[in-house]
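I have placed the structure first, in the form of structure tokens, so that the comments after it can refer back to it.
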Protein chains: 2
Amino acid sequence: MAALPPLPDPFSELVGYHLRRLSQLVMGDLAERLDSLDLRPTEASVLFVIAATPGVTQSDIGRMLGIKRANMAPMVATLEARGLVSRSAVDGRSQALRLTAEGESMRARARNATRENERRSFASLSDAERAALIDKLQTLWEKLEG
Amino acid sequence: MAALPPLPDPFSELVGYHLRRLSQLVMGDLAERLDSLDLRPTEASVLFVIAATPGVTQSDIGRMLGIKRANMAPMVATLEARGLVSRSAVDGRSQALRLTAEGESMRARARNATRENERRSFASLSDAERAALIDKLQTLWEKLEG
DNA sequence: TATTGTTATACTCTATAACTATA
DNA sequence: TATAGTTATAGAGTATAACAATA
């Protein structure tokens, strides 16, 4: 088996590169864990938002999670077709989204998969380090979103 | 204009979520900056590796950057067709990759775009904080790669 | 006029499988 | 047997443009 060649110099100064590389690996592990539920990471995040804020519209979810309306539409349609999410009219154009009983059960399982993903990915960090890292990352992306 | 709804609770504990969100925004900004060069972020990273380790094979690049052989092949073919990269046989199956003069000029421009991307994305971090963040991210992804 | 939801479409990046040629 | 390179193909996620219906 060939040894893993080391990463050459220019990358050692690039936060963005290491960010992307770690994100790719973490999301890949999460995708594997969610695969048995036939759920994509993005779909899981949508279930989490609906559970936390019942009656939310899909436009609002898109704004919270940074997902375009055009991409929310088919995803919510799929979740509804699977019986995980229900819609009820708010007004003539908006629809309130809620989890069905089956959707709530799916959310709970997705939550477990996500917790295991976090444990496996960040086991080497103390609770304080993890919290500090979250804070740093969140501060950075919120600055870029404006 | 509607206010941005705040992210609900469950995400506040998830490193992975904030990692992915930041990575997405940073890479989106980099993609925009590279667009005028008609270069994708992944292609730029390949130019960086070839410049730093002339004569490297595409299999080695894939191992360094976490890109599969199957995805390296068409990318290198494109870079060669554009006159940015040249190939020379190492043995009957491997080919040494080098930047052409035009490839080196492209690399330099991509490097500038990347530097501007880093400056814009992480302006709020001190040099020490940036270095510490790189170290933390790299340590984490290298653990997950084994 | 602005917003919600929708459809169509394209692109980047990643993944697996199968194949040829060479070591 | 293992490795280098290639081709075909599929999937997730994102992007823009355009449209109908509603506020």
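Small disclaimer: the values here were computed from a predicted structure and weren't measured. Every chain is numbered from 1, with letters handed out A, B, ... down the list of sequences.
A straight line from CD of E32(B) to P of dT14(D) spans 16 Å, rounded to a whole angstrom. The interatomic distance linking M72(A) (CE) with dT7(C) (P) rounds to 14 Å, in whole Å. Remark: C1' of dT14(D) and CZ of R40(A) are 16 Å apart, rounded to the nearest angstrom. In this entry the distance linking CG of D35(B) with P of dA15(D) reads 13 Å, nearest Å. Distance, R20(B) CZ to dC13(C) P: 16 Å, rounded to whole Å. Distance, K68(A) NZ to dT4(C) P: 14 Å, rounded to whole Å. A straight line from CE of M75(B) to P of dT12(C) spans 11 Å, rounded to a whole angstrom. In this structure, N71(A) places its CG atom 12 Å from C1' of dA8(C), rounding to the nearest Å.
At the phosphate of dG5(C), neither OP1 nor OP2 sits under 4.0 Å from any side-chain N or O atom of R93(A). Between R63(A) and dT4(C) there is a side-chain polar atom (N or O) within less than 4.0 angstrom of OP1 or OP2. Regarding contacts with the backbone of dG5(D), a side-chain N or O of S59(B) is found under 4.0 angstrom from either OP1 or OP2. Of the side-chain N and O atoms in R87(A), one or more sit less than 4.0 angstrom from OP1 or OP2 of dT6(C). Between Q24(A) and dC13(C) there is no side-chain polar atom (N or O) within less than 4.0 angstrom of OP1 or OP2. Regarding contacts with the backbone of dT4(C), every side-chain N or O of T57(A) stays at 4.0 angstrom or more from both OP1 and OP2.
Counting only heavy atoms from C-beta on, T42(B) has its side chain closest to dT14(C) among dT14(C), dT14(D), dT16(C). For A73(B), whose side chain is taken as the heavy atoms from C-beta onward, the closest listed nucleotide among dT6(D), dT4(C), dT14(D) is dT6(D). When each of dA15(C), dG5(D), dA18(D) is scored by its nearest atom to the side-chain atoms of R69(B), the top-ranked nucleotide is dG5(D). Of all nucleotides listed (dA15(D), dC13(C), dT7(D)), dT7(D) comes nearest to the side chain of A70(B).
Annotation: salt bridge (charged side-chain N to carboxylate O under 4.0 Å, His left out) contacts of E102(A) (sequence neighbours excluded): none.
For a distance-only test at 3.5 Å, the side chain of D91(B) fails to qualify as a donor-acceptor partner of the base of dA4(D).
Transitive grouping of hydrophobic side chains (ILVMFWY, heavy atoms separated by less than 4.5 Å) brings V76(A) and L37(A) into a common cluster.
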* salt bridge (charged side-chain N to carboxylate O under 4.0 Å, His left out) between R21(A) and E145(B), worked out -> CA-CA 10 Å; R21(A) 191 84 186 256; E145(B) 238 218 353; 2.7 Å; yes
* **Derivation and outcome, salt bridge (charged side-chain N to carboxylate O under 4.0 Å, His left out), residues E129(B) and K136(A)** => CA-CA 10 Å; E129(B) 283 176 316; K136(A) 185 151 285 189; 3.6 Å; yes
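Between D38(A) and G66(A), the one whose closest nucleotide on DNA chain D sits nearer the 5' end is D38(A). Mapping M27(A) and G92(A) onto DNA chain D via the closest heavy atom, the residue that lands nearer the 5' end is M27(A).
Using a 4.5 Å heavy-atom threshold, the side chains of L47(B) and V85(B) count as touching. L99(A) has its side chain within reach of R107(A): a pair of non-hydrogen atoms, C-beta onward, lies under 4.5 Å apart.
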